[in-house]
2 protein chains.
Amino acid sequence: MTVTLADVAARAQVSPATVSRVLNGNYPVAASTRERVLRAVDELDYVLNGPASALAAATSDLVGILVNDIADPFFGIMASAIQSEIGGPGGRAGGERLAVVCNTGGSPERELTYVTLLQRQRAAAVVLTGGAIENAAHTAAMSAKLRKLEEAGTRVVLCGRPPAPDTGAVALTFDNRGGGRELTEHLIGLGHRRLGYIAGPEERTTTRHRLEGHRAALDAHGIKEDPRWTVWGRYDRQSGYEATLELLRRDPSLTAVVAANDSVALGACAALRDSGLRIPEDVSVAGFDDLPFSVDAMPSLTTVRLPLAEAGARAGRIAMGREEPPPGGIATVRGELMVRGSSGVPRD
Amino acid sequence: MTVTLADVAARAQVSPATVSRVLNGNYPVAASTRERVLRAVDELDYVLNGPASALAAATSDLVGILVNDIADPFFGIMASAIQSEIGGPGGRAGGERLAVVCNTGGSPERELTYVTLLQRQRAAAVVLTGGAIENAAHTAAMSAKLRKLEEAGTRVVLCGRPPAPDTGAVALTFDNRGGGRELTEHLIGLGHRRLGYIAGPEERTTTRHRLEGHRAALDAHGIKEDPRWTVWGRYDRQSGYEATLELLRRDPSLTAVVAANDSVALGACAALRDSGLRIPEDVSVAGFDDLPFSVDAMPSLTTVRLPLAEAGARAGRIAMGREEPPPGGIATVRGELMVRGSSGVPRD
DNA sequence: CATCAGATAGAAAGCGCTTGCTGTATTGAA
DNA sequence: TTCAATACAGCAAGCGCTTTCTATCTGATG
């Protein structure tokens, strides 16, 4: 059998209650007793039974972090920052929490199931990262779940996701619309008038907002968008490659390609090169997010930097109750335009 | 109060035992009764209490995945693959498990603490990814922990990590030494004789093995290594940038730079370009891992592809007991040399 | 018609920990 | 010296679920 609290108690010649109090440090215990208990714990190699403890105390030290794609640094960076603030091991005293990163793969069902699983574990907090899925049924179901979580005392924080109405969830939202607009205005400013756009998956807030920003910029400058200029894809490199080929097929006269994110932009660059086009002389390319590798692309990518790590850290602190939520529970996090080598004045 | 099993039982007019059995589906229950119970569950919006269930059943549905750096796609890709096989939501029936990704940041203490935390949660399985820390005390402590875990019925799998002697842990080990050797032999074959090497952090098996492979290749071709040709760093881009500058300072006549991984190689490329050197005309560069962005670098990176996703998936299946461990509990996973644009014949 | 196997359902004993309440020294003040 | 206050320590009642064992009812069997 594994060692239990009672075994430790017996060995230290105290009651289980005392051992529990020594371990939790939430009740006065004489130094000599504590000493004896700690020695017994050590000698027996005792490890607390988490489920039992959680059951009795009606709280757990689990914190859930939901991400759409854990293999994507966009989420990895946020998750890492959140986790570093959650405390985990190495965190500040008293807060040895287990940060659980859950990979939804962008699927609504999985998102919902993971939230239920966390609810089942009585998680202390849940952080949802990245864009939300835009689907009435799913949104309603999620809202209901989040409300339940809050009722049960679980703190809910959205990081890089729009606010969830009718819930008490704190939201740190990225200004995707503003960033998208700024980016496209930069290209327009360079003289571009025929811009292709590679959007992300449909039914995603991130996708929609970035595209809206792009269109707002076109509008503001009186550029009428050709429906052929928008292609939909996924948030990955291959999708960018294929979409770019498609754009080129539809309208070879495009002088710029705006991608939904950096990975897509990289795929776009590859497709352009493979088509014999130079960047930015023949076609300019722009991404979004400014992931670490974007500066290494050749030419380096013009993009919008999102303070992923900062936002994640803040979300983590709020989830831990170590930082005040923003007024109204909502904060907008702005991106910063990074002009680099992949954008230039259009040809001719 | 939250809804409990008893509430559901009362509503369905059955005993708590029956509700439990319906929910677990491990005992015959009349169809009509099941129906009634399920309806009650639904109506009351009942969510199982995980800790209580884990306590009573003495098992939990948590599976731990330890990674060194969650923001690094190297780990993200493995974690994603492992998780997809763990079942998680969407997995095969009966196995709704919560995959927990824990970020150690490469710190021995955090690694140990996370393992203890997982032990505390009575995790069903633990997968340790990436290179191990080479430090006698830490290795011993880890071995002891892993043995305890196994004793407690937790399956332990190492993915991309050397076997842990004296434990029953299954190991899927990357052939870093072989890959490193093959890579350097490729460069030597092109005619390079003065090769710089940017190693990863010391006291890491991955770092050591890759370097050993490199040196073995030099040895095999009678190239005497100059101590100035090796620089130590971290596994990130910036480290590669700085190390390359240092290498160039030490010996400007180098014709090739071999990096510990792709991120480092990208940093090296940037440093070379900033130093006015062309790749590969002036200096060839090689990486390791073949992460998705490596093919997009300009020129695309010559590197060693590691089947991260495949290995992760296999590790996940073994952890779930859905695949037989390899004979002897140890399997070596080989890399594949990817020759691309960043390596060429040396100048002059 | 008595008997028995098979199929269901319930009673109840925990799983290992936390914590409110109670008890007993010990200390300081009067 | 006496009494309240203080500081520790223990008792015991759960926390919400699982599971063994037992009870009941059914239909089949001889």
Side-chain angles (χ1 to χ4, degrees), chain A residues 1-38 40-41 44-62 94 96 117 119-124 152-153, chain B residues 1-38 40-41 44-62 94 96 117 119-124 152-153:
Chain A
M1 253 319 281
T2 50
V3 183
T4 70
L5 235 210
D7 299 331
V8 176
R11 171 134 199 164
Q13 319 238 55
V14 296
S15 72
T18 301
V19 177
S20 170
R21 303 206 252 245
V22 168
L23 262 24
N24 291 298
N26 52 6
Y27 195 84
V29 173
S32 65
T33 312
R34 179 201 324 286
E35 162 82 9
R36 205 145 29 92
V37 169
L38 257 18
V41 165
L44 295 178
D45 233 344
Y46 170 70
V47 174
L48 186 73
N49 183 314
S53 166
L55 172 58
T59 61
S60 110
D61 49 7
L62 241 54
E96 229 165 54
L117 237 38
Q119 180 184 5
R120 175 177 297 187
Q121 298 297 332
R122 306 299 189 249
Chain B
M1 251 320 282
T2 53
V3 183
T4 71
L5 235 209
D7 300 331
V8 176
R11 171 132 200 166
Q13 318 239 54
V14 296
S15 71
T18 301
V19 177
S20 169
R21 301 204 254 247
V22 167
L23 260 25
N24 291 296
N26 52 7
Y27 194 87
V29 171
S32 65
T33 311
R34 178 200 326 285
E35 162 81 11
R36 204 145 27 93
V37 170
L38 257 18
V41 165
L44 295 179
D45 234 342
Y46 170 69
V47 174
L48 186 72
N49 181 315
S53 166
L55 172 59
T59 61
S60 106
D61 50 7
L62 240 54
E96 229 165 57
L117 237 38
Q119 180 185 4
R120 176 177 295 185
Q121 298 298 333
R122 306 299 189 252

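We name chains A, B, ... by the order of the sequence lines, and we start the count at 1 in each one.
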Determine: side-chain N/O of [X] to OP1/OP2 of [N], distance under 4.0 Å, yes or no.
X	N	answer
B/Thr33	C/dA9	yes
B/Ser15	C/dG10	yes
A/Thr4	C/dG16	no
B/Ser53	D/dT18	yes

May I ask you to say what A/Val19 touches in the nucleic acid, namely base, sugar-phosphate or nothing, with a heavy-atom cut-off under 4.0 Å?
nothing
Within the 4.0 Å heavy-atom criterion, would you say A/Ala17 contacts the bases, only the backbone, or no part of the nucleic acid?
base
Can a donor-acceptor pair under 3.5 Å be found between the side-chain atoms of [X] and the base atoms of [N]?
X	N	result
B/Arg122	C/dG16	no
A/Tyr27	D/dA7	no
B/Arg21	D/dT20	yes

What is the distance, to the nearest angstrom, from the [atom1] atom on [X] to the [atom2] atom on [N]?
X	N	atom1	atom2	answer
B/Arg34	C/dA7	CZ	P	14 Å
A/Asn26	C/dT19	CG	P	6 Å
A/Glu35	D/dC8	CD	P	15 Å
A/Leu5	D/dC11	CG	P	14 Å
B/Arg36	C/dT8	CZ	P	14 Å
A/Asn49	D/dG16	CG	P	17 Å

Picking from C/dG10, D/dC11, D/dG16, the nucleotide nearest the side-chain atoms of B/Leu55 would be D/dG16
Side-chain contact, heavy-atom cut-off 4.5 Å: A/Val14 with A/Val22?
no
OG1 (B/Thr33) and CD (B/Gln13) are apart, to the nearest 0.5 Å, by 11.5 Å
Derivation and outcome, side chain to side chain contact (heavy atoms under 4.5 Å, CB included), residues A/Tyr46 and A/Leu23
CA-CA 11 Å; A/Tyr46 170 70; A/Leu23 262 24; 3.7 Å; yes
